[in-house]
Amino acid sequence: MIYGDGWMIKKKNTDFTFCHSLKQKEYALWKLELLKRYCSVRKYAISYKKHIPAQICIRVSVHHKLNSAYRRTYENDKKVIKLDGLKKISDLSLAIWFMDDGTFIKRFKTRTGKLKENPYISQIRLCTHSFSLEENQLIQKFLKNKFNLEFRIYTTKGKERLLYYLAYVGKENVNKFIGIVKPYIELCPSMLYKITI
């Protein structure tokens, strides 16, 4: 959850917060149920701000696991990718990371540069734009070593710098990825749109 849509703030103890659009309310509450065994809920609110779609925001705290998670995933109050943090990723964690920051692509470019639509999912993406090239390379290596998933690193232009994201290409590869995450996505049916056409 930390590598996806969540963030942490360290004061005396660590708070963990995540927000989702109201369309993903079921998913946010599902994640909250997973966390309840470890943390106490400090805040659960629907946020209505001008010019921003309504969101459900959840904040949890009060557990030593949050402090250790902060040390594994933050440096100088900035979220970073470290091998120590990646080692905690399980099949469930990968599914949550994908539900938070993943998408699929059906379209592809032909040799002539035209966009064409596949009748199947041709690419899975993890949007890892906030991480550096070196961090994306670390994620790429980890996913290969732990799950035998060979993601590629792509770039896109940001306002101030190149941004990176990870993509898993090819019908067979995509089916392999979906095979890992689907049992967990099925536990929250409203998120099945992430893996179905």
Side chains of [X] and [Y], heavy atoms from C-beta outward: is any pair under 4.5 Å?
X	Y	value
Glu26	Cys188	yes
Leu86	Tyr3	yes
Asn148	Leu143	no
Leu166	Gln140	yes
Phe131	Val80	no
Phe16	Ile58	no
Asp5	Asp101	yes
Phe18	Ile56	no

State the [atom1]-[atom2] distance between [X] and [Y], to the nearest 0.5 angstrom.
X	Y	atom1	atom2	value
Trp30	Tyr184	CH2	OH	9.5 Å
Ile89	Ile96	CD1	CD1	9.0 Å
Ile124	Lys176	CD1	NZ	13.5 Å
Leu126	Ile153	CG	CD1	11.5 Å
Gln55	Cys19	CD	SG	5.0 Å
Leu66	Ile2	CG	CD1	7.5 Å

Is it true that [X] and [Y] fall in one hydrophobic cluster, defined by side-chain heavy atoms closer than 4.5 Å?
X	Y	answer
Ile9	Val60	yes
Tyr164	Phe142	yes
Leu34	Leu29	yes

| task | Let me see the working for Ile195 and Phe104 under side-chain contact (heavy atoms from CB on, under 4.5 Å), right down to the final yes or no. | result | CA-CA 7 Å; Ile195 55 170; Phe104 69 75; 5.9 Å; no

| For Thr73, does its backbone N or O pair with a side-chain atom of Lys82 as donor and acceptor, under 3.5 Å? | no

| message | Under the criterion side-chain contact (heavy atoms from CB on, under 4.5 Å), I'd like the reasoning laid out for Met8 against Tyr74: C-alpha separation, chi angles, the key distance, then a yes or no. | response | CA-CA 8 Å; Met8 304 183 94; Tyr74 275 77; 3.7 Å; yes

| query | Would the Tyr27 and His20 ring centres measure less than 6.0 Å apart? | reply | yes

Has [X] got more than 12 heavy atoms of other residues, nucleotides or ligands less than 6.0 Å from its [atom1]?
X	atom1	answer
Lys25	NZ	no
Lys10	NZ	yes
Lys182	NZ	no

Nearest heavy atoms of [X] and [Y], plus distance in Å:
X	Y	value
Thr196	Leu192	OG1-O, 2.8 Å
His129	Arg161	O-NH2, 3.2 Å
Gly4	Lys79	O-NZ, 3.4 Å
Cys127	Tyr165	CA-CB, 4.3 Å

| Taking 4.0 angstrom as the limit, do Arg71 and Asp84 come out as a salt bridge? | no

| Got a salt bridge between Lys78 and Glu75, using NZ or NE/NH1/NH2 to carboxylate O under 4.0 Å? | no

| request: Please step through side-chain contact (heavy atoms from CB on, under 4.5 Å) for the pair Met99 and Val181, ending with a clear verdict. | output: CA-CA 9 Å; Met99 286 188 277; Val181 301; over 6 Å; no

| Side-chain H-bond candidate by donor/acceptor type, Tyr70 with Asp77, under 3.5 Å | yes

| task | Would you please test Phe177 and Leu149 for side-chain contact (heavy atoms from CB on, under 4.5 Å) and show each step? | result | CA-CA 7 Å; Phe177 178 87; Leu149 298 171; 3.8 Å; yes

| query | Going by the salt bridge (charged side-chain N to carboxylate O under 4.0 Å, His left out) test, which pairs reach into residues 125-151, not counting sequence neighbours? | reply | Lys144-Glu150

| task | Give the intermediate values and the outcome of salt bridge (Lys or Arg N to Asp or Glu O under 4.0 Å) for residues Lys31 and Asp100. | result | CA-CA 11 Å; Lys31 289 198 329 187; Asp100 277 8; 2.9 Å; yes

| task | Assign the ring pair Phe151 / Tyr168 to parallel, tilted or perpendicular, where the plane angle (0 to 90°) is split at 30° and 60°. | result | parallel

